K.L.:
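Okay, handing you the structure first.
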Amino acid sequence: SSMNEEFLKKWQMGLQIFSPSIDNTSVSERKRAIKLSADVAMASLRKGTTCWSRALIQKTATEDNFLVRQMLSGIKEEPLINKKLPKVMCHRKIVRRSKKILMRRKSRSAMEEVAAKKLVKKKTQGLRNVVPGGEFMSSNVLLIQETLDYIISLQTQVNVMKSIVDAAEAGIER
Amino acid sequence: MMMNGEATTEADLFLNCTDMSVLERQRAHLNNYNHHHPGFFSNSSTINCGEMDGFLASAGLDLPAIYGDTTVYSDARLSASQGNITTESGNFKKRKFGCVETETKVCNEKKKMMMYREVVVDEEEEEKSKITEQSTKNIMKMKMKNKAKKEQNSCSNDSSKVTKDSQKTDYIHVRARRGQATDSHSIAERARREKISERMKFLQDLVPGCDKITGKAGMLDEIINYVQSLQRQVEFLSMKLATVSPRLDFNIDDLFTKEAVSDPMMNLPNTVMPPHMMVNSGYPHDLVNSGYVDFNPMQQVVTSSDPLPCFNNGQASSMWDSDVQNLYSSLGV
């Protein structure tokens, strides 16, 4: 519950940055502002401790650098905006190629095992695509850990936004 | 020819003696060694040691006793043979230092742990062990570095003292199952897989509807779907919010709601705010739309008494007051 409150606070703060300029603009503009500030708020709750939060902040910074800078100005996360995330992508291709060569040499009778492993690999790659910064997570253990934290944060975000929407709607209905 | 004859008898001996006690088997085995020329021994050593390893792997509890008895012989014989066998002799030697009785306990426990892990770990393990190790290398004893050691220690807490006494350096006795490799790489890999499956269990609790699914691929699928659905929900909600309010400042009443419903919200993402709370919170229609509120909410509401009557619709005044107080204090103004 404290996480909900913190998120709400940060989110509101982010929205305030837009406030003067964005009233009565198009719906899509407002939606973008809402979403971006919500994302940065969610990510900043982690204070740079998780890979996904850093990646998310970087991603949002490419869309709206000013917003991110403003939102994070109070916190020491500022340097994280410019930090380069390690690129591990190229290594995977090399590993995959060498594994293919190995496979050809040894004809395994247990093809189902290999197929199962391939499926799992495919799924983990899918997960990496979904979780922000997933491509940069070097190990599967880290990936699962980050996914856990990311899911929890997403749930917080969704909950708070839902309640705000419901409140606003209920207010209007009256 | 003689070699073959000898080899076959030994092979027969080994293959048929599932009921023989391990001790007898070992003794017979070593007697054979004793009778032969070292040269012969070196040629057939791979066969013999392969067999022996198999037995050692399945021998279970009796092994330490056997090690105690036959160490001398094994050292003498095995040192005469090829390179990869000498490591085994080295291992036997190390075994000698251990306390036999307590090691059985260690073996027991470790075996149980191994068995347990067998259930948890995937088929990856089998294949990897085949690739990295040959069956001749079912060594009982090996050096383990940090990662693996941590895992082993956590698994066999009681016996850690025993192993400490019996070891001068960081050795952990690992019972390898038949066909399993025992080098540090595979142990470390096994530890890694353990970690992964542990975390997958957490994920199972977190993602709704995942308890029925077994298997990594299915779980991962569910997780991916769930994360995607959450992300889509965020998009949808932000769009909805944008359409609902012409201005971006969300009002105090929303904050009040926040406070009031913070508990129910924690459970599931799909919980909608209970309607009765909505009613009691009493959102005055005009306040939402008039843009009356801007963002210095707390001071305004608390200090001036004027806004309050607007908020109260008479039904839940007490609730409002407590909410105001709570939020006020929590925001630390």
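The structure displayed is predicted, hence computed values, not measured ones. Within every chain, numbering begins at 1; the chains are lettered A, B, ... in the order of the sequence lines, protein sequences first and strands thereafter.
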K.L.:
Against B/S238, only a single residue in A/I34, A/V165, A/L36 fulfils side chain to side chain contact (heavy atoms under 4.5 Å, CB included); can you say which?
P.N.:
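Passing option: A/I34.
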K.L.:
Under the side chain to side chain contact (heavy atoms under 4.5 Å, CB included) criterion, do B/K240 and A/E169 qualify, and how do the steps go?
P.N.:
CA-CA 10 Å; B/K240 206 167 180 193; A/E169 281 194 324; 3.2 Å; yes
K.L.:
Ignoring hydrogens, what is the shortest heavy-atom contact between A/V158 and B/L237? Give both atom names and the distance.
P.N.:
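Of all heavy-atom pairs spanning A/V158 and B/L237, the closest is O-CD1, 3.7 Å.
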K.L.:
Indicate every side-chain donor-acceptor pair of residues 203-212 of chain B with a distance under 3.5 Å to a residue at least two apart or in another chain.
P.N.:
{"from": "B/Q204", "atom 1": "NE2", "to": "B/C210", "atom 2": "O", "distance (Å)": "3.1"}
{"from": "B/Q204", "atom 1": "NE2", "to": "B/I213", "atom 2": "O", "distance (Å)": "3.2"}

K.L.:
Residues two or more places apart in sequence or in another chain: which of them pass side chain to side chain donor-acceptor pair (under 3.5 Å) with A/Q157?
P.N.:
A/D39
K.L.:
B/M200 pairs by side chain to side chain contact (heavy atoms under 4.5 Å, CB included) with which of A/I144, A/L148, A/T147?
P.N.:
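Answer after filtering A/I144, A/L148, A/T147: A/I144.
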K.L.:
Distance check, rounded to the nearest 0.5 Å: A/N129 atom CG versus B/Q228 atom CD?
P.N.:
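So the gap between those two atoms works out to 9.5 Å.
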K.L.:
Quick check: closest heavy atoms across A/G126 and B/I224, and the distance to 0.1 Å?
P.N.:
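Heavy atoms of A/G126 and B/I224 come nearest at C-CD1, 3.7 Å.
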K.L.:
Begin with the C-alpha distance, continue with both residues' side-chain angles, and end with the deciding distance and a verdict on side chain to side chain contact (heavy atoms under 4.5 Å, CB included) for B/Q231 and A/V130.
P.N.:
CA-CA 9 Å; B/Q231 288 172 339; A/V130 179; 3.7 Å; yes
K.L.:
Is there side-chain contact between A/K31 and B/E235, with heavy atoms separated by less than 4.5 Å?
P.N.:
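A side-chain contact exists here, since the closest heavy-atom pair is under 4.5 Å.
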K.L.:
For A/T124, which atoms come within 4.5 Å of any heavy atom of chain B: side chain, backbone, both, or neither?
P.N.:
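It is both, since atoms from each part get that close.
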K.L.:
Are the side chains of B/Q233 and A/K162 in touch, meaning some heavy atoms are under 4.5 Å apart?
P.N.:
yes
K.L.:
Nearest heavy-atom pair of A/L119 and B/A217: which atoms, and what distance?
P.N.:
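Answer, listing the atom of A/L119 first, then B/A217: CD2-CB, 3.7 Å.
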K.L.:
Could you walk me through whether A/I151 and B/I223 pass side chain to side chain contact (heavy atoms under 4.5 Å, CB included), step by step?
P.N.:
CA-CA 9 Å; A/I151 287 181; B/I223 293 167; 4.2 Å; yes
K.L.:
Supply the atom-to-atom distance A/K123 NZ to B/D221 CG, rounded to the nearest 0.5 angstrom.
P.N.:
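Interatomic distance, A/K123 NZ to B/D221 CG, rounded to 0.5 Å: 3.5 Å.
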